[in-house]
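Worksheet: one structure, shown below.
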Amino acid sequence: DPVQVPLTVLAGWNQVECPDREIYIVENPSVYAMLCGTWRGRKACMCMNGQPRLSAVMMLDLLEKAGIKVYYAGDFDPEGLLIAQKIRRYYKGEMEYWHMSAKDYEKSRSQERISERRLKMLDRIEDTELVELADAIRKEGVAGYQESIWEVYLDGVDPCEAYRKCFCSRYSVGVKL
């Protein structure tokens, strides 16, 4: 089971390792829990739990230092896209958006209307890989959530039998030991 690692402990870490030199990062704790429950520690995963906090930034630094490829998935709303863009700008290592396309948004749409004020936040999306998605959200005017499509995160991910670590970042980072 994932555990919480205090920030003071994380601050003492010099390195991290992820099998296959990759980690799957999601925005939401419920999706993280579903992935960890399904993968049962066979894949490296981490939860940002919304806006990246100091522990998440420190972990990203360690991942970059180790040459780990990051796959990131977030919610389909203005805040989710801005978080994704912020992580992409910060992380200097190899990174791909993971199921964050307009097609994925179509599958995840809710009935929750996004206010005009929040839709205006999409004007700050400059990452070319997120612009089409931002346009789709602006056009539809509703949010989409990871929880609605969590099964797609399992597509194309073939967890092997090797031991995997799971990371979670809230105010601290959880690690499967």
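Atom set for the values below is all heavy atoms of this structure, side chains included, hydrogens, waters and symmetry mates excluded.
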Close side-chain approach of [X] to [Y], heavy-atom, < 4.5 Å:
X    : Y    : answer
H99  : Y71  : no
S148 : S110 : no
V152 : W98  : no
S108 : Y145 : no
E79  : L82  : no
I25  : Y32  : no
V16  : M59  : yes
L133 : S101 : no

Donor-acceptor pair, side chain of R21 and main chain of E17, under 3.5 angstrom | no

Sub-3.5 Å donor-acceptor pair from the side chain of R113 to the main-chain atoms of Q111, do we have one?
-> no

Distance, nearest 0.5 Å, that separates [atom1] of [X] from [atom2] of [Y]:
X    : Y    : atom1 : atom2 : answer
L130 : I125 : CG    : CD1   : 6.0 Å
I137 : M121 : CD1   : CE    : 11.0 Å
M48  : K86  : CE    : NZ    : 10.5 Å
Y72  : L60  : OH    : CG    : 10.0 Å
K43  : C18  : NZ    : SG    : 10.5 Å
L63  : E94  : CG    : CD    : 13.0 Å

Exercise: identify the closest heavy-atom pair between [X] and [Y]:
X    : Y    : result
I23  : M46  : CD1-CB, 3.8 Å
L122 : P78  : CD2-CA, 3.7 Å
A73  : Y153 : CB-CE2, 3.5 Å
I83  : P52  : CG2-CD, 4.1 Å
M100 : A84  : CE-CB, 3.9 Å
V31  : E147 : CG2-N, 3.8 Å

Over 12 foreign heavy atoms within 6.0 Å of CD, E116 | no

Could you tell me whether the side chains of D75 and N28 share a donor-acceptor contact shorter than 3.5 Å?
-> yes

Decide side-chain contact (heavy atoms from CB on, under 4.5 Å) for T38 and W150; before the verdict, give the C-alpha distance in whole Å, the side-chain angles of both, and the deciding distance to 0.1 Å.
-> CA-CA 11 Å; T38 301; W150 78 272; 3.8 Å; yes

Take I149 and F76 through the side-chain contact (heavy atoms from CB on, under 4.5 Å) test and state the conclusion after the steps.
-> CA-CA 11 Å; I149 62 165; F76 302 92; 3.7 Å; yes

D61: what forms a side-chain contact (heavy atoms from CB on, under 4.5 Å) with it, not counting sequence neighbours?
-> V57, Y90

Less than 4.0 Å between a side-chain N and a carboxylate O, is that true for K69 and E22?
-> no

Let me see the working for E151 and K107 under salt bridge (charged side-chain N to carboxylate O under 4.0 Å, His left out), right down to the final yes or no.
-> CA-CA 11 Å; E151 296 94 347; K107 296 175 191 172; over 6 Å; no

Do any pairs count as a salt bridge (Lys or Arg N to Asp or Glu O under 4.0 Å) and have a residue in residues 124-133, sequence neighbours left out, and if so which ones?
-> R88-D127, R88-E129, R89-E126

V142/D77 under side-chain contact (heavy atoms from CB on, under 4.5 Å): CA gap, chis, key distance, verdict | CA-CA 8 Å; V142 296; D77 59 13; over 6 Å; no

